[in-house]
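A short worksheet on the structure shown next.
Along the sequence shown, residues are numbered consecutively beginning with 1. Both counts, for ligands and for their atoms, begin at 1 and track the order of listing. Heavy atoms only: backbone and side chains are in, while hydrogens, waters and symmetry mates are out.
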Amino acid sequence: MTATPAHKRILLKLSGEALMGDDAFGINRATIERMVGEIAEVTRMGVEVAVVIGGGNIFRGVAGGSVGMDRATADYMGMLATVMNALALADAMNKAGLTARVMSAIAIEQVVEPYVRPKALQYLEEGKVVVFAAGTGNPFFTTDTAAALRGAEIGAELVLKATKVDGVYSADPHKDPAATRYSHISFADAMAQNLGIMDATAFALCRDQNLPIKVFSIFKHGALKRVVMGEDEGTLVHA
Ligand SMILES: Nc1ncnc2c1ncn2[C@@H]1O[C@H](COP(=O)(O)OP(=O)(O)O)[C@@H](O)[C@H]1O
Ligand SMILES: O=c1ccn([C@@H]2O[C@H](COP(=O)(O)OP(=O)(O)O)[C@@H](O)[C@H]2O)c(=O)[nH]1
């Protein structure tokens, strides 16, 4: 008997910074190929997958040059970085036999098609993987907020944040070795404790839309499938 996935449509947020793998910046081929393999596995199970990709791997590489820059200008650079990642990811997906479509929140039509919600929904229904690029299209936001926004727009059942840590901890585990991991935590508690795993805007949007978030490690093999199967993996942030 084939097990049934616990979710029909998901929004996967991939950290740009985690795509570097062990490299200093840019996109690590092996990391991206492994993630694509895992995405292919869940789409073959019939799960509709939309992806929001970050830009930290490219943008933090040029961030030195942005010191003293106007914040909004630097943020537009960050959004362009996510477009590059989206193109690389979609290319790797197409090579792996998936059909991927990139949609950008900022107009850049010679490069990628614009984000149009009904079109995105159509692609998902057709079993294509949609990669949302350029975040929300607005400076002063993050790709985590874009994940919450697009997740709500497409009616995803769950936002999956694939990141460098394997869940939400009582404090930043990179700074506090005594921090302990939660298996689940409410939006109210996560926000009250000011947990830095996601920005408050993203948390608030998911909370208001009753859209749960699963935080798990991008480095752990098979974690995506386990989350999709509803198994105990990472941390669930819920209402
Ligand atoms: N309470 C916490 N639990 C887990 N991670 C936390 C916490 N507070 C801060 N962090 C930090 O948040 C980071 C993940 O968030 P972020 O840098 O936004 O990642 P991403 O590149 O996935 O967007 C982790 O690498 C971790 O160092
Ligand atoms: O809606 C958005 C999404 C992203 N960004 C910019 O793009 C950068 C890269 O995104 P993010 O830091 O979320 O990527 P990640 O941490 O996942 O690598 C951010 O720092 C912002 O400067 C933005 O201005 N608006």
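Where the criterion is an N or O separation shorter than 3.5 Å, residue side chain and backbone included, Tyr76 fails it with respect to ligand 2. Looking at ligand 2, you won't find any N or O of Ser15 less than 3.5 Å from one of its N or O atoms. In terms of polar-atom proximity, Ser170 is not counted as a contact of ligand 1, lacking any N or O under 3.5 Å from an N or O of the ligand. In terms of polar-atom proximity, Gly16 is counted as a contact of ligand 2, with an N or O under 3.5 Å from an N or O of the ligand. For ligand 2, the polar-atom distance check finds an N/O of Thr143 within less than 3.5 Å of one of the ligand's N/O atoms. Between Phe59 and ligand 2, no pair of N/O atoms sits closer than 3.5 Å. Distances between N or O atoms of Lys13 and those of ligand 2 include at least one value under 3.5 Å. The shortest N or O to N or O distance between Gly55 and ligand 2 is below 3.5 Å. For ligand 2, none of its N or O atoms has an N or O atom of Ala134 under 3.5 Å away. An N or O contact shorter than 3.5 Å links Glu17 to ligand 2 by distance.
Ligand 2 is never approached by Ala146 to a heavy-atom distance shorter than 4.0 Å. Look at Ala171 and you'll find a heavy atom under 4.0 Å from some atom of ligand 1. Heavy atoms of Gly167 come nearer than 4.0 angstrom to ligand 1 in at least one pair. Ligand 2 has no atom lying under 4.0 Å from any heavy atom of Thr145. Residue Lys161 places a heavy atom under 4.0 Å from ligand 1.
Remark: minimum distance from atom 3 (C) of ligand 2 to any protein heavy atom is reached at Thr142 C, 3.4 Å. The protein non-hydrogen atom at the shortest distance from atom 13 (C) of ligand 1 is Ile197 CD1, 4.4 Å. Regarding atom 25 (N) of ligand 2, its nearest protein heavy-atom neighbour is Asn138 O, 2.7 Å. For atom 22 (O) of ligand 2, the closest non-hydrogen atom of the protein is Asp75 OD1, 2.6 Å. Atom 16 (O) of ligand 2 has Arg60 NH2, 2.9 Å as its closest protein atom, hydrogens excluded (heavy atom only). Remark: minimum distance from atom 14 (C) of ligand 1 to any protein heavy atom is reached at Thr163 OG1, 3.5 Å. For atom 8 (C) of ligand 2, the closest non-hydrogen atom of the protein is Gly78 CA, 3.7 Å. If you check which protein heavy atom lies closest to atom 23 (C) of ligand 2, you get Phe141 O, 3.1 Å.
At a threshold of 4.0 Å, the pair Glu17-Lys164 counts as salt-bridged, since one of the basic side-chain nitrogens sits closer than that to a carboxylate oxygen. The pair Arg150-Glu153 counts as a salt bridge, with a side-chain nitrogen and a carboxylate oxygen less than 4.0 angstrom apart. With respect to Lys8 and Glu48, a salt bridge is recorded, a charged nitrogen being found less than 4.0 Å from a carboxylate O.
In this structure, the separation between CD1 on Ile213 and NE2 on His238 is 11.0 Å, given to the nearest 0.5 Å. With rounding to the nearest 0.5 angstrom, the CG atom of Leu224 is 6.5 Å from the CG atom of Leu160. Note that the CE atom of Met229 and the CE atom of Met45 stand 4.5 Å from one another [nearest 0.5 Å]. For the atom pair CG (Leu211) and CG (Leu158), the distance works out to 7.0 Å, reported to the nearest 0.5 Å. Going from atom CG of Asn28 over to atom CG of Asn57 covers 10.5 Å, rounded to the nearest 0.5 Å. Expressed to the nearest 0.5 Å, how far CG of Leu89 lies from CD1 of Ile39 amounts to 5.5 Å.
In this structure, Arg29 and Ala92 approach most closely via the heavy-atom pair NH2-CB, 3.9 Å. Across all their heavy atoms, Ile10 and His7 have their closest contact at CG2-CB, 3.8 Å. Looking at every heavy atom in both residues, Ala239 comes nearest to Asn210 through CB-OD1, 3.5 Å. Nearest heavy atom pair, residue Ala148 against residue Cys206, reads CB-SG, 3.5 Å. Of all the heavy atoms in Ala223 and Phe216, the pair that sits closest is CB-CD1, 3.7 Å.
With a 4.0 Å heavy-atom cut-off, ligand 2 is reached by no atom of Ile53. Both the backbone and the side chain of Asp172 come within 4.0 Å of ligand 1, judged by heavy-atom distances. Residue Lys175 does not touch ligand 1, judged by heavy-atom distances below 4.0 Å. Proximity of Pro173 to ligand 1, defined as any heavy-atom pair under 4.0 Å, is confined to the side chain (atoms from C-beta onward).
Using a 4.0 Å cut-off to heavy atoms of Val168, the atoms of ligand 1 that qualify are 3 (N). Under a 4.0 Å criterion applied to the non-hydrogen atoms of Ser15, ligand 1 contributes the atoms 20 (P), 21 (O), 22 (O). Within ligand 1, the atoms closer than 4.0 Å to a non-hydrogen atom of Gly196 are 8 (N), 9 (C), 12 (O), numbered from 1 in the order shown. For ligand 2, the atoms sitting less than 4.0 Å from at least one non-hydrogen atom of Thr136 are 1 (O), 2 (C), numbered in the order shown with element in parentheses. Under a 4.0 Å criterion applied to the non-hydrogen atoms of Leu195, ligand 1 contributes the atoms 1 (N). Each of the following atoms of ligand 2 lies closer than 4.0 Å to a heavy atom of Pro139: 24 (O). Per-residue contacts place Gly54 under 4.0 angstrom from the following atoms of ligand 2 (heavy atoms of the residue considered): 14 (O), 15 (P), 17 (O), 18 (O). Annotation for ligand 1: atoms under 4.0 Å from non-hydrogen atoms of His174 are 25 (O), 26 (C), 27 (O). Ligand 2 places these atoms under 4.0 Å from at least one heavy atom of Gly56: 14 (O), 15 (P), 18 (O). Near Lys13, with a cut-off below 4.0 Å to any heavy atom, the atoms of ligand 1 are 20 (P), 22 (O), 23 (O).
A side-chain donor-acceptor contact under 3.5 Å links Thr145 and Asp199.
When atom types are taken as modelled, the side chain of Arg9 and the backbone of Glu157 share no donor-acceptor pair closer than 3.5 angstrom. The main-chain N or O of Lys128 is never found under 3.5 Å from a side-chain atom of Arg101 such that the two would form a donor-acceptor pair. Checked by atom type and distance alone, the side chain of Thr143 never pairs as donor or acceptor with a backbone atom of Ile53 at under 3.5 Å. Checking side-chain atoms of Asn85 against main-chain N and O of Gly54 turns up a donor-acceptor pair under 3.5 Å. In this structure a side-chain-to-backbone donor-acceptor pair under 3.5 Å is missing from Lys161 to Met198. Counting only distance, with no hydrogens or angles, the side chain of Asp75 and the backbone of Phe140 share a donor-acceptor pair below 3.5 Å.
In this structure, of Arg181, Met20, Lys164, Glu17, the residue bringing a heavy atom nearest to atom 17 (O) of ligand 1 is Lys164.
With Gln122 as the fixed residue, the side-chain hydrogen bond (donor to acceptor under 3.5 Å, both in side chains) test singles out one of Glu126, Glu125, Lys119: Glu126.
Contact annotation for atom 19 (C) of ligand 2: protein absent (non-hydrogen atoms, distance under 4.0 Å).
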